[in-house]
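These numbers come from the heavy atoms of this one structure, side chains and all, not from hydrogens, waters or symmetry mates. Here is how names work: the chains are called A, B, and so on, in the same order as the sequence lines, proteins then strands, and each is numbered from 1.
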2 protein chains.
Amino acid sequence: MARTLDDLAALSGVSRATVSRVINGGPVSEETRRRVLEVLERTGYRPNRAARTLASGRSGVVGVVMHIDPQHLFRDPYFAGLLTGMSNALAEKAVGMMLWLGDRTKDEILDQIQLRGLLDGVIVTAHWREDPLVDSLLDSSMPTVLIGHRRSHPEASYVDVDDVQAADTITTHLIEIGRRRIGHITGIPGSVAGADRLEGYKRAMARAKLPTEGLVVEGEFNRASGAAGAAQLIEAGVDAIFCANDATAAGALETIKAHGLRVPEDIALAGYDDLDFAAQLDPPLTTIRQGVQDQGAAAARTLFQLLEDPDGGPRRVLLPTELVIRRSTVGGVRRFD
Amino acid sequence: MARTLDDLAALSGVSRATVSRVINGGPVSEETRRRVLEVLERTGYRPNRAARTLASGRSGVVGVVMHIDPQHLFRDPYFAGLLTGMSNALAEKAVGMMLWLGDRTKDEILDQIQLRGLLDGVIVTAHWREDPLVDSLLDSSMPTVLIGHRRSHPEASYVDVDDVQAADTITTHLIEIGRRRIGHITGIPGSVAGADRLEGYKRAMARAKLPTEGLVVEGEFNRASGAAGAAQLIEAGVDAIFCANDATAAGALETIKAHGLRVPEDIALAGYDDLDFAAQLDPPLTTIRQGVQDQGAAAARTLFQLLEDPDGGPRRVLLPTELVIRRSTVGGVRRFD
DNA sequence: AGAGGGGCTGAGAGCGCTTCCAGTTCCAGC
DNA sequence: GCTGGAACTGGAAGCGCTCTCAGCCCCTCT
């Protein structure tokens, strides 16, 4: 069984260099190529990746770090979409993916990632406003693409959606349908998405000269905190609630109904994410759609660019969002489902 | 910046071999070790993984193939648990994990996996009775651990639970509480778990000399097929239903209630998996608990064994399951929650 | 005092590949 | 017939590490 390039070279009567050229698409005469390919085929030869990496300086593998509690990671379809998008984009270029999940500490992960000659670059989720792991990665020489945080670091390349703008848009939608006391149930404090969406909400409210005092309740991106938050906001006498994500909105919806109030007649409700279930709620939920798979794919492609032209400066990609209007805000009159 | 062992050797006044010994824990005098460690620390040196792999023949990275549609992958907490278990066990030994998800075709994945010098071994989910990818892997020289299929291949190492036995146990439980017309809603045809659970059900029924004709309905491991299947079985006049998993049981429960029937008085209901929501159903669901994270961890450890002693023959691990009795079968009388 | 042995250390030979550089061959052009 | 260049090929130098082997030093034992 042929194991090395030298074996193949001997078998096909050319030099090792030529076999390498055939494999990697270098300039080789048609006839030689054919002969070598035949041997390649016949022997079922597989190149040794480590040797190739060592000689060429490229590994063809990128790291993906999802620095998030695994429980959360798998409950949230957001990460599934991200991973799927990346996985597809990487596979297109036959690039491998090494994955670090969850709750490992910063140093453990860093140690592994920074082993040189293993990874060409890394994609890392940056969902927390403070994350030492992300900072270290940016300071290292490892080409890095962030998902979700427009880090102020001058060298940071990232892929993100404009959460502030999207939250502004959906809040403005609530204002345009005539609501005045619009409450907001936030995401997890410390999360970038939570902070950005709150900011967008406040911006829209300020522009419309509407009050927000007593109308902002802290949530946790989940059903339970949505249910609890809605109770507080009902108390505060709101006529609309913008929730930091769909799960929160689902919880809020339960509470509103339990109070005998109608959506949207008494309280208009809006979420964020447009997960599958948002359209299944009763009434279907007005929300913001962000192409999660696209984000994953974009991150992969951004990393490719970074690797191809390392001196081209940081790459910054802002993906569009879409306001999806359903009956939880414009109920009864027009139907969007 | 010190980049190679030679740089470090020069800086610390010893040979490259000695630096390597310090890093890898070889025999070195205390004083030399201290001196080298100091330099190591000061320079922030990171070994080159590719070079190390090439020289040593071990990469410290294992592949994980989840040959399953990504949509399904993330909906199902089973895979989340598996991945978490593996991820933890691998991290313990500072072994990296390369992941192949989903719907890639067999050859694409194989090409990448079989690159020598990249992976020390692979863990692959084997949930289908027929899977050419698994067959190829077993035929290759790559150390491989299967999760979930006791493949007949003589060299196959695997980690599995005894689905047949567990299904037998839970069916027997239904028999012991006095049920006689016990229906079964199967898993996806072609899946190992589905087939094994069906077999266990039939075995228990046969032993009790109970009929199964017309009492087996095809399902798909999901809520919808559970709801549909239950409708058929109610028609057939069952007094108990064993569902191939908890999601199926949840669907069945809805249908049973919609028919105005009581659980367990009219129809006793049992699931499989003991996912979080099983205990939250009304009534809480009797089911089979399988330690999913344990399975993942066991797979990783089994692979380690295989790598340490490749000639030790195949490793076969069968993990225990547990019958969890709740009110969906013994309602009203005793409480287990 | 000399032999023997144990503990460290350094030299050097790879691991299997890529890639630069220097041919070699073959033609077109003059 | 000779030259210049294009197209292809082979030689060889690494890539950065591991690991065997031999050598050195020093200590113990006879």
Spacing of [X] atom [atom1] relative to [N] atom [atom2], expressed in whole Å:
{"X": "A:Arg52", "N": "D:dC17", "atom1": "CZ", "atom2": "C1'", "value": "20 Å"}
{"X": "B:Leu118", "N": "C:dG16", "atom1": "CG", "atom2": "P", "value": "16 Å"}
{"X": "A:Arg49", "N": "D:dC15", "atom1": "CZ", "atom2": "C1'", "value": "17 Å"}
{"X": "B:Asn48", "N": "D:dG16", "atom1": "CG", "atom2": "C1'", "value": "6 Å"}
{"X": "A:Glu31", "N": "D:dC8", "atom1": "CD", "atom2": "C1'", "value": "12 Å"}
{"X": "A:Asp6", "N": "D:dG11", "atom1": "CG", "atom2": "P", "value": "11 Å"}
{"X": "B:Leu5", "N": "D:dC17", "atom1": "CG", "atom2": "C1'", "value": "6 Å"}
{"X": "A:Arg46", "N": "C:dG16", "atom1": "CZ", "atom2": "P", "value": "17 Å"}

What pairs meet the side-chain hydrogen bond (donor to acceptor under 3.5 Å, both in side chains) rule with one or both residues in residues 49-62 of chain B, with sequence neighbours excluded? B:Ser59-B:Asp120
Suppose the criterion is salt bridge (charged side-chain N to carboxylate O under 4.0 Å, His left out): which pairs have a residue in residues 9-29 of chain B, not counting sequence neighbours? B:Asp6-B:Arg16
Taking N or O atoms only and anything under 3.5 Å, show me the protein contacts with nucleotides 24-27 of chain C, one pair per line.
none

Using a 4.0 Å heavy-atom cut-off, does B:Thr32 contact any base of the nucleic acid, only the sugar-phosphate backbone, or nothing at all? sugar-phosphate
With nearest nucleotides of DNA chain D determined for A:Glu30 and B:Ile23 from heavy-atom distances, which residue corresponds to the more 5′ nucleotide? A:Glu30
Output one letter per nucleotide in nucleotides 19-27 of chain D: B when a protein non-hydrogen atom lies under 4.0 Å from the base, S when only the sugar-phosphate is that close, - when neither is. BB-------
Global bending angle along the helix from C:dA1-D:dT30 to C:dC30-D:dG1, which compares the axes of five pairs at either end, to 10 degrees: 40°
Taking C-beta and beyond as the side chain, do [X] and [Y] meet within less than 4.5 Å on heavy atoms?
{"X": "B:Leu5", "Y": "B:Ile23", "result": "yes"}
{"X": "A:Asp309", "Y": "A:Arg315", "result": "yes"}
{"X": "A:Leu319", "Y": "A:Gln290", "result": "no"}

Tell me every residue that passes salt bridge (charged side-chain N to carboxylate O under 4.0 Å, His left out) with B:Glu31, counting only those two or more places apart in sequence or in another chain. B:Arg35
Report the C-alpha separation of A:Ser29 and A:Thr32 in whole Å, then their side-chain angles, then the decisive distance to 0.1 Å, and conclude whether the side chain to side chain donor-acceptor pair (under 3.5 Å) test is met. CA-CA 5 Å; A:Ser29 75; A:Thr32 311; 2.7 Å; yes
Does the side chain of A:Ser15 get closer than 4.0 angstrom to OP1 or OP2 of D:dG10 through an N or O atom? yes
